[in-house]
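Naming: A, B, ... by sequence-line order, numbering from 1 per chain. Heavy-atom basis, side chains included; hydrogens, waters and symmetry copies ignored.
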Amino acid sequence: MRVRFRIWRQDNARVKGGFRDYEVDGLNEDMSLLEALDHLNEQLVLRDEKVVAFEYDCREGICGQCGVFVNGRAHGPHANMTTCQLHLRSFADGDTITIEPWRAAAFPVIKDLIVDRSAFDRIIRQGGYISAKTGTAPEANAIPVGKEVADRAMDAAACIGCGACVATCKNSSAALFTAAKINHLNTLPQGKPEQHRRVSDMVQQMEEEGFGHCSFTGACEVECPEGISVANIAEMNARYLKAKLFG
Amino acid sequence: MSLFLRKWMVALTGLFLCIFLVVHLSANCILLLPEAVARGMYNAYSTLLRESPLIKVVAYALYLSIILHVVFALLVTIRNRRAKPTPYAVNHHGENSQWAAQNMGLIGIFILVFIVVHLANFWARIKLGMGEGVGLDAQGYVDVYAVTSSLFHNPYYVAFYSLLMIPLGFHLHHGLKSSLKTLGFYHRSGLRVLARVSLFYALIMSVGFGVIPIIVYFK
Ligand code: HEM
Ligand code: FES
């Protein structure tokens, strides 16, 4: 199988970047997209050219490191999937595959396809945890949590922080990420004591990082590898109002 | 609360305008009645509105809502643009979201043009007394019916009034459901109902406002 990669190359945030085309042959459809990029990089090394910088860790859809914009979609053409789970069988022989880094003012390019997502870390630092010392794992039924509550918390906790929500959003809004992190904890009894401060501080940090407003286009929910619902954003809005009125 | 408040203002004012449109369309339905009945009813109703102190308050709330909606929508849109300074070379957002949701600002500009022309046609003539004078009907009411009817016998105005209800429909379809989510309505099955209600509402409003000029034209 043969494809043409159109890849964004940029040395760092201070210099201009641009697309470069690479014809890559000798691929097969069972390769993942990242393996195809590995293949390209091996050839670039042999030709003494700079390799394409892209990020990954687990390559099994759980760590959230690997996001890039592939042919006009965050994480590629499928809904609810990470880039590392995307295989060449999703493309046709001879296709051009355009790969761009996440685009957002809050995510400056570090190099090529790698962006700096530490804005997310700074949001987490404002309350994406509980401050009580919990020691080792307690007896599971010490604090009863209803099934529905546990499910809702787990659905939000599934966020892997990949940044696809910001990447796909026309406003580069981080509302889905922030809402998932807030609702995960605020839904559970362990998160309740700090719930108001958590939502106020995390939302404030989200705004200070320069992400846009949420327009509820719903694109984030489609591209999110975990399928986290935009209803979480509405819930965050309700929690924010409650925190400001009664917090 | 500042940044959050901006989006809340867009939602609150937008929602108020959505409610206003229901009342407005209901009143416009009088225009569908046979001319003999419609003229009297329509003029009596509009006189009632103009003379009611309550409606005076509501009218000012309405002017203010339009202005605040546009101002805050502009602020929101500017911030959103700044947050995404580099567009993608290839972007298939049609595959993950609705067109209306992606283009509320552009759609809003069409509606703004409509509102300006619409106010010039009616409000400026009837309330501010600008342009051609407005006569009285047989009962002595200001003949707003004649203003409407003559306007909608001009095919250009019929086309303008009817066609611009298409962007309105798109704006309302996304706007109604989005505003409630902005204001914190997050009940899961309620949101599914809301999506259908928004579509229904947008269809009624755009088709309703859109066909009345055409019907009046052929009356
Ligand atoms: C009859 C007139 C109008 C009605 C009923 C209306 C209604 C609404 C509603 C309900 C929303 C949703 C708010 C939210 O998502 O929280 C909205 C959003 C919006 N409106 Fe309007 N609107 C009207 C006119 C206009 C005009 C004249 C403009 C601009 C010139 C405008 C620009 C916008 C924009 C840009 C948004 C989206 C903000 C975002 O990105 O989420 N609207 N409108
Ligand atoms: S590399 Fe871990 S999710 Fe893709």
Worksheet item: Top residue by heavy-atom pair count (under 4.5 Å) with chain B, among E221(A), K242(A), R239(A), R103(A)?
Response: R103(A)
Discussion item. Taking the ring centre of each residue, are H174(B) and F170(B) less than 6.0 Å apart?
Written reply: no
Worksheet item: At a heavy-atom separation under 4.5 Å, does R81(B) approach chain A through its side chain, its backbone, both, or neither?
Response: neither
Worksheet item: Of the listed residues (R188(B), K181(B), H92(B), Q102(B)), which shares the most heavy-atom pairs with chain A below a 4.5 Å separation?
Response: K181(B)
Worksheet item: If we ignore angles and hydrogens, is there a donor and acceptor under 3.5 Å between the side chains of T83(A) and H75(A)?
Response: yes
Worksheet item: What part of S215(A) gets closer than 4.5 Å to chain B, counting heavy atoms only: side chain, backbone, both or neither?
Response: both
Worksheet item: Which region of C220(A), side chain (C-beta onward) or backbone (N, CA, C, O), has a non-hydrogen atom less than 4.5 Å from a non-hydrogen atom of chain B, or is it both or neither?
Response: neither
Item to complete: Scan side-chain atoms only and decide if R152(A) and N183(A) contain a donor-acceptor pair under the 3.5 Å cut-off.
Response: no
Practice prompt. Would you mind checking which part of E223(A) comes under 4.5 Å of any heavy atom in chain B, side chain (CB onward), backbone (N, CA, C, O), both or neither?
Written response: side chain
Practice prompt. Measure S229(A) against the heavy atoms of chain B and call it side chain, backbone, both or neither at under 4.5 Å.
Written response: side chain
Worksheet item: chain B: which of V230(A), N71(A), T98(A) shares the most heavy-atom pairs with it under 4.5 Å?
Response: N71(A)
Fill in: Engaged part of V166(A) at the chain B interface, taking heavy atoms whose separation is under 4.5 Å
backbone
Practice prompt. Answer yes if the ring centres of Y161(B) and F209(B) are under 6.0 angstrom apart, and no otherwise.
Written response: no
Discussion item. Pairing donors with acceptors under 3.5 angstrom, does anything connect the side chains of S118(A) and D116(A)?
Written reply: yes
Worksheet item: Taking every heavy-atom pair that is under 4.5 Å apart, which of S200(A), A106(A), C169(A) has the most such pairs with chain B?
Response: C169(A)
Worksheet entry | chain B interface, residue from S172(A), A238(A), P101(A), G210(A) that has the most non-hydrogen pairs under 4.5 Å | S172(A)
Practice prompt. Side chain from CB out, backbone as N, CA, C, O: work out which of these in H187(B) comes under 4.5 Å of a heavy atom of chain A, or both, or neither.
Written response: neither
Worksheet item: For A167(A), is it the side chain, the backbone, both, or neither that has a heavy atom closer than 4.5 Å to a heavy atom of chain B?
Response: both
Discussion item. What part of F211(A) gets within 4.5 angstrom of chain B, counting heavy atoms only: side chain, backbone, both, or neither?
Written reply: backbone
Item to complete: Would you check, one step at a time, whether the test salt bridge (charged side-chain N to carboxylate O under 4.0 Å, His left out) holds for K111(A) with E55(A)?
Response: CA-CA 10 Å; K111(A) 191 171 168 50; E55(A) 222 179 339; over 6 Å; no
Discussion item. With no hydrogens and no angle check, just 3.5 Å: does a side-chain donor-acceptor pair link E208(A) and Q204(A)?
Written reply: yes
Worksheet item: Does any heavy atom of chain A fall under 4.5 Å from the side chain of Y88(B), the backbone, both, or neither of them?
Response: both
Response to the item:
Greatest number of non-hydrogen atom pairs under 4.5 angstrom with chain A, of E95(B), Q98(B), H93(B), falls to E95(B)
Worksheet entry | Q10(A) side chain to D112(A) side chain, donor-acceptor N/O pair below 3.5 angstrom | no
Practice prompt. Measure from NZ or CZ of R6(A) to the centre of the six-membered ring of F19(A), then state whether that distance is under 6.0 Å and the direction lies within 45° of the axis.
Written response: yes
Fill in: Aromatic centroids of Y60(B) and Y63(B) separated by under 6.0 Å
yes
